[in-house]
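Heads up: numbering here begins at 1 and tracks the sequence.
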Amino acid sequence: MASIMNNLSHAAERQAFSVMLDAFWKNLSKKEDRTETYLKLVDMAEKFWKDSNPETMNRIRKYLSNPENRWVKFLNRVIDETNPNYAKKMLLNLGYEAFFRGTKTIRANREKYHCNIPWLILFDPTDACNMHCVGCWSGTYGHKHNLSFEDMDKIVSQGKELGTYLYMMTGGEPMVRKNDILKLAEKHNDCFFGIYSNSTLIDEEVCKKVQELGNITFMLSIEGTPDTNDSRRGLGHYDAVMKAMNLLKEYGIVYGTSICYTRQNIEAVTDDKFIDFIADKGARFGFYFHYMPVGQNAVTSLLPTVEQRKAMITKIRSIRGPESDAQFFPMDFQNDGEYVGGCIAGGRNYFHINANGDAEPCVFIHFSDSNIHDNSILEMLQGKLFTAYHEGQPFNRNHLRPCPMLENPQQLRAMVATTGAHQTNAEAPESAEELCAKCDPYAREWKAAADQVWASQKHKKPSYENYTKEKREHPELAGFEHADGSTKVTLDTQ
């Protein structure tokens with residue numbers, strides 16, 4: 001009975017938000033009324049999110065009250081460019097379901113189940129890919145594995161029960177399975193789906209369907225100029241990305257980019273002209289991913305230098321800064337740890353399910369002790385490996401060194417050894433020692449620079465961190481290093 005009442009309450013609340021969004025969208029079409037409309041939206045959010053920080057909400061009101069603020073201009077541009085049907089469904093699913101209602105449910109379930117509950121789940125519909133990019137770890141998987149539609153439906157259905165309404169897909173190339181992906185998004189029309197894609201399979205038919213559904217976005221792989229891009233991804237890929245960008249912009253679909261930065265392309269993918277170019281093509285956000293030496297075909301010479309990574313920190317933050325006029329919001333997966341409390345993997349904010357069904361703590365860390373074919377989502381999150389992540393996070397209080405693999409490889413060695421997790425790359429097996437050995441030199445070299453940069457900056461502790469009670473009450477336990485460089489790891493193996 002309680003479940004039925006909760007479902008009815010949820011449906012009624014969603015419908016109320018839908019009606020309000022219709023009214024808001026109608027007013028937003030009148031540019032002169034937008035400030036008032038934005039402020040009403042903040043009032044509504046504050047009323048719904050009773051635990052919101054008044055200081056934060058007032059700061060948002062201050063920004064939105066200034067039509068000349070760069071992010072207000074950015075927001076207005078997105079509204080003007082986006083198809084109205086797509087925009088409403090995106091706001092309803094990503095705004096109401098994922099941010100507002102989902103976050104409240106997730107936080108309650110973290111307390112209830114005493115484990116990490118993710119805000120998003122990343123999964124691979126397939127290993128198959130129509131490209132062979134230099135140094136790509138997924139290229140070693142082969143084309144043997146696929147999640148069935150029933151598998152993907154199970155992931156989303158069980159995730160929603162825990163409060164997770166945001167799902168991302170990678171691979172392989174997810175759009176190899178476009179029919180099942182579109183079917184999944186149509187069935188779960190209260191969720192939002194983000195697809196990391198190489199662009200080659202995005203055509204007009206796909207764009208029409210995505211515009212209608214309103215709950216899918218794309219993160220397109222691109223790496224700078226035609227030369228820097230195609231030298232890694234293959235001749236003709238750059239042209240395919242341009243075609244996909246043109247179509248997505250034409251159909252009013254909000255989309256972003258996925259950029260792997262390496263020693264060879266880092267200057268090209270952060271150049272001001274490149275940023276302005278992709279923004280003019282319609283990309284409004286982008287994820288920057290530090291190259292990871294994962295897999296037997298990893299090319300360690302692609303790892304950025306210390307000076308390049310230091311420059312990357314400065315560059316991305318300058319693009320987001322008040323002096324920049326870039327119509328693009330970049331996020332740096334490796335260097336923005338401060339804003340998300342360090343490593344977000346292991347279910348703390350996300351985890352990964354590969355095309356064989358193995359639950360991996362991160363898309364870059366191919367070790368597992370559970371599988372979607374044998375376990376529920378909750379059982380995965382309560383397993384030994386994800387529990388070790390929960391108890392170990394943050395892996396370093398210097399959030400410029402967040403990763404238990406790249407910057408703190410001794411942590412991953414310890415977790416894999418203590419939990420008995422097995423490697424999950426069936427095509428080209430790689431032990432934790434083999435993987436971490438490739439990271440050791442980088443971790444040592446980056447430590448000195450990262451600690452110097454971190455000490456030179458001001459840092460504000462987030463109001464909510466999702467660490468264990470022990471880590472919250474005794475922050476000195478996180479990232480505690482012995483004189484020999486080893487790190488204390490507390491794991492429950494019972």
Are His290 and Tyr261 near enough that their ring centres are under 6.0 Å apart?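 Aromatic pair counts; centres sit under 6.0 Å.
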- Relative to the ring of Phe329, is the ring of Trp71 parallel (under 30°), tilted (30 to 60°) or perpendicular (over 60°)?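 It falls in the perpendicular class, over 60°.
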In terms of the angle between their ring planes, are His10 and Tyr96 parallel, tilted or perpendicular, with boundaries placed at 30° and 60°?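 If you compare the ring of His10 with that of Tyr96, the planes turn out tilted.
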Identified side chain to side chain contact (heavy atoms under 4.5 Å, CB included) counterpart of Pro409 within the set Pro404, Cys439, Cys403
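Exactly one pass, corresponding to Cys439.
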Can you tell me how far [atom2] of [Y] sits from [atom1] of [X], rounded to the nearest 0.5 angstrom?
X	Y	atom1	atom2	answer
Asn109	Thr164	CG	OG1	8.5 Å
Leu302	Met292	CG	CE	13.5 Å
Arg263	Leu303	CZ	CG	7.0 Å
Ser324	Asp272	OG	CG	7.5 Å
Ile195	Phe218	CD1	CZ	4.5 Å
Tyr255	Thr82	OH	OG1	11.5 Å

Please tell me if the side chains of [X] and [Y] come closer than 4.5 Å, counting only heavy atoms from C-beta onward.
X	Y	value
Val254	Met90	yes
Tyr196	Met168	yes
Met245	Thr257	yes
Gln393	Gln411	no

Given Asn69 and Asn66, is the side chain to side chain donor-acceptor pair (under 3.5 Å) satisfied, shown in steps? CA-CA 5 Å; Asn69 180 281; Asn66 178 12; over 6 Å; no
Passes side chain to side chain donor-acceptor pair (under 3.5 Å), Asn356 versus Asp358? Steps please.
CA-CA 6 Å; Asn356 192 45; Asp358 300 307; 3.3 Å; yes
For [X], check side chain to side chain donor-acceptor pair (under 3.5 Å) against everything at least two apart and list the hits.
X	result
Lys438	Glu430
Asn398	Asp451
Tyr165	Arg101
His188	Asp153, Lys160

Charged N-O contact under 4.0 Å between Glu338 and Arg397 =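 Salt bridge: no.
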- Query: Is a donor on one side and an acceptor on the other found under 3.5 Å between the side chain of Thr103 and the backbone of Phe100?
  - Reply: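 No, the answer is negative, given that no donor and acceptor are paired below the 3.5 Å cut-off.
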> Considering residues at least two apart in sequence or located in another chain, which fulfil the side-chain contact (heavy atoms from CB on, under 4.5 Å) criterion with Leu91?
Replying inline: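 By the side-chain contact (heavy atoms from CB on, under 4.5 Å) rule, Leu91 matches Leu21, Trp25.
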Open item on the list: Which residues pass the side-chain contact (heavy atoms from CB on, under 4.5 Å) test with Ala449, not counting sequence neighbours?
Closed with: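 For Ala449 the side-chain contact (heavy atoms from CB on, under 4.5 Å) partners, ignoring immediate neighbours, are Val306, Lys310, Trp446.
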Using the test ring-ring contact (aromatic ring centres under 6.0 Å, His included), find all partners of Phe333 that sit at least two apart in sequence or belong to another chain.
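Result, ring-ring contact (aromatic ring centres under 6.0 Å, His included) vs Phe333: Phe289.
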Might you work through the side chain to side chain donor-acceptor pair (under 3.5 Å) test for Asn198 and Ser221, ending with a clear yes or no? CA-CA 5 Å; Asn198 64 30; Ser221 297; over 6 Å; no
Tell me, with the steps shown, if Asn354 and Asp124 meet side chain to side chain donor-acceptor pair (under 3.5 Å). CA-CA 5 Å; Asn354 68 20; Asp124 299 348; over 6 Å; no
Exercise. Cut-off 3.5 Å, side chains only: do Ser197 and Glu173 have a donor facing an acceptor?
Worked result: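 Per modelled atom types, Ser197 and Glu173 side chains form a pair under 3.5 Å.
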- Message: Ignoring hydrogens and geometry beyond distance, is a side-chain donor-acceptor pair present between Gln423 and His366 at under 3.5 Å?
- Response: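 The criterion, which ignores hydrogens and geometry beyond distance, is not satisfied for His366 and Gln423.
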* **Among Phe367, Phe395, Tyr467, ring-ring contact (aromatic ring centres under 6.0 Å, His included) partner for Tyr389** =>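 The ring-ring contact (aromatic ring centres under 6.0 Å, His included) with Tyr389 is passed solely by Phe395 among Phe367, Phe395, Tyr467.
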Scan Arg348, His390, Glu391 and name whichever one has a side chain to side chain donor-acceptor pair (under 3.5 Å) with Asn116.
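One option only clears the test, and that one is His390.
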Problem - Sequence neighbours excluded - salt bridge (Lys or Arg N to Asp or Glu O under 4.0 Å) pairs with any residue from residues 282-302 - result: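 Qualifying pairs, neighbours excluded: Glu81-Arg284.
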Would you please name every residue forming a salt bridge (Lys or Arg N to Asp or Glu O under 4.0 Å) with [X], sequence neighbours left out?
X	answer
Asp336	Arg320
Asp325	none
Arg309	Glu407
Asp440	Arg413

Nearest non-hydrogen partners of Leu406 and Pro293, listed with the distance
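Scanning both residues completely, I find the closest heavy atoms to be CD1-CD, 4.1 Å.
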Does Arg107 qualify as a cation-pi partner of Tyr464, given the criterion of NZ or CZ under 6.0 Å from the six-membered ring centre and within 45 degrees of its axis?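 Yes.
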